[in-house]
Amino acid sequence: MKRFILCVMAMLGVMALTAQDVYENEVLNTIMARRSVRQYMDKPVEHEKLAVVVRAGINAPSGMNRQPWVIRVVEDQQLIADVNKVFMQENPEQVKRDPNFKNMFRNAPNLICVCTPAQGGGELDAGLLGENMMLAAQSLGLGTCCLGGPVRFLLANENCKFFLDRLDIPEDYKLNYIIAIGYPAEQPQAKPRDDSKVKYIK
Ligand SMILES: Cc1cc2nc3c(=O)[nH]c(=O)nc-3n(C[C@H](O)[C@H](O)[C@H](O)COP(=O)(O)O)c2cc1C
């Protein structure tokens with residue numbers, strides 16, 4: 001009831017949005033609750049849920065609706081295990097240091113690989129796509145982590161070619177970033193945000 005009254009007041013413009021009201025609004029609540037998750041349950045995400053997340057992603061805006069992205073959703077657990085073997089061979093110390101290490105993708109059971117044009121461009125669009133997917137995932141009780149580090153490893157390491165080949169990325173696209181996704185096994189605290197970066201010009 002309180003929520004309904006707040007919504008009506010906001011619609012009528014009689015009430016400014018305050019920090020507390022953020023949590024009365026499901027979209028804002030989802031945005032504020034999303035955190036990068038790096039521990040996941042041993043349970044792959046259902047195909048149907050991944051499809052909903054990706055559909056939310058491709059409904060992101062893009063310049064002139066060019067949709068300059070290619071998306072590959074990895075559900076093949078063996079493929080992840082195989083490429084992770086390469087990572088473990090190359091980074092034994094890093095693996096040994098982390099007692100919770102499951103895999104090189106921050107331990108997630110599924111991956112959403114986002115590719116952008118090989119010649120450059122499309123990064124802004126692809127970023128909007130990614131945030132849509134991470135928020136959709138959050139709203140479905142899933143955790144995510146945007147990953148740049150593992151992409152650098154995959155692209156730099158010849159032994160990972162089999163993984164990239166399986167992604168079947170068109171010649172004119174390149175792997176840009178990966179979203180690790182799964183059922184969260186941790187609830188990280190929010191990291192501080194720097195309000196001083198914002199200025200209101202009145
Ligand atoms: C472009 C990009 C690349 C990132 N790469 C990694 C990564 O390789 N490994 C990782 O653990 N987190 C990575 N992150 C997650 C950030 O560390 C995280 O978003 C940031 O610390 C803020 O925390 P929060 O997402 O929980 O709010 C990346 C995030 C972005 C946007």
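Residue indices begin at 1 and follow the sequence shown. One-based numbering, in listed order, for ligands and for the atoms of each.
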Out of L155, D165, V83, D82, which residue meets the side chain to side chain contact (heavy atoms under 4.5 Å, CB included) rule with C160?
->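 Exactly one pass, corresponding to V83.
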Run through ligand 1 for me and note each protein residue having a heavy atom under 4.0 Å from it, chain first, then residue number.
->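 Within the 4.0 Å shell of ligand 1, which is judged on heavy atoms, sit R34, R35, S36, R38, R106, C145, C146, L147, G148, G149, P150, K191, R193.
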Listed pairs under 3.5 Å, donor-acceptor, residues 195-202 side chains, sequence neighbours left out:
unit_1 : atom_1 : unit_2 : atom_2 : d
S196   : OG     : D194   : OD1    : 2.5
S196   : OG     : D194   : OD2    : 3.4

Mind telling me whether F87 and F101 have parallel, tilted or perpendicular rings, with 30° and 60° as the class edges?
->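 The rings of F101 and F87 lie parallel, inter-plane angle below 30°.
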Kindly write out the residues that satisfy side-chain contact (heavy atoms from CB on, under 4.5 Å) with R97, not counting sequence neighbours, or none if the list is empty.
->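 So R97 forms a side-chain contact (heavy atoms from CB on, under 4.5 Å) with E93, Q94.
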Hydrophobic clusters join Ile, Leu, Val, Met, Phe, Trp and Tyr when side-chain heavy atoms are under 4.5 Å apart, directly or via other members; which others share one with M134?
->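 Reading the cluster by chain and number, M134 sits alongside M41, V45, L50, V52, V53, V54, I58, W69, I71, V73, I112, V114, L129, M133, L140, L142, Y177, I179, I181, Y183.
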Is D76 salt-bridged to R166, cutoff N-O under 4.0 Å?
->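 Yes, this pair counts.
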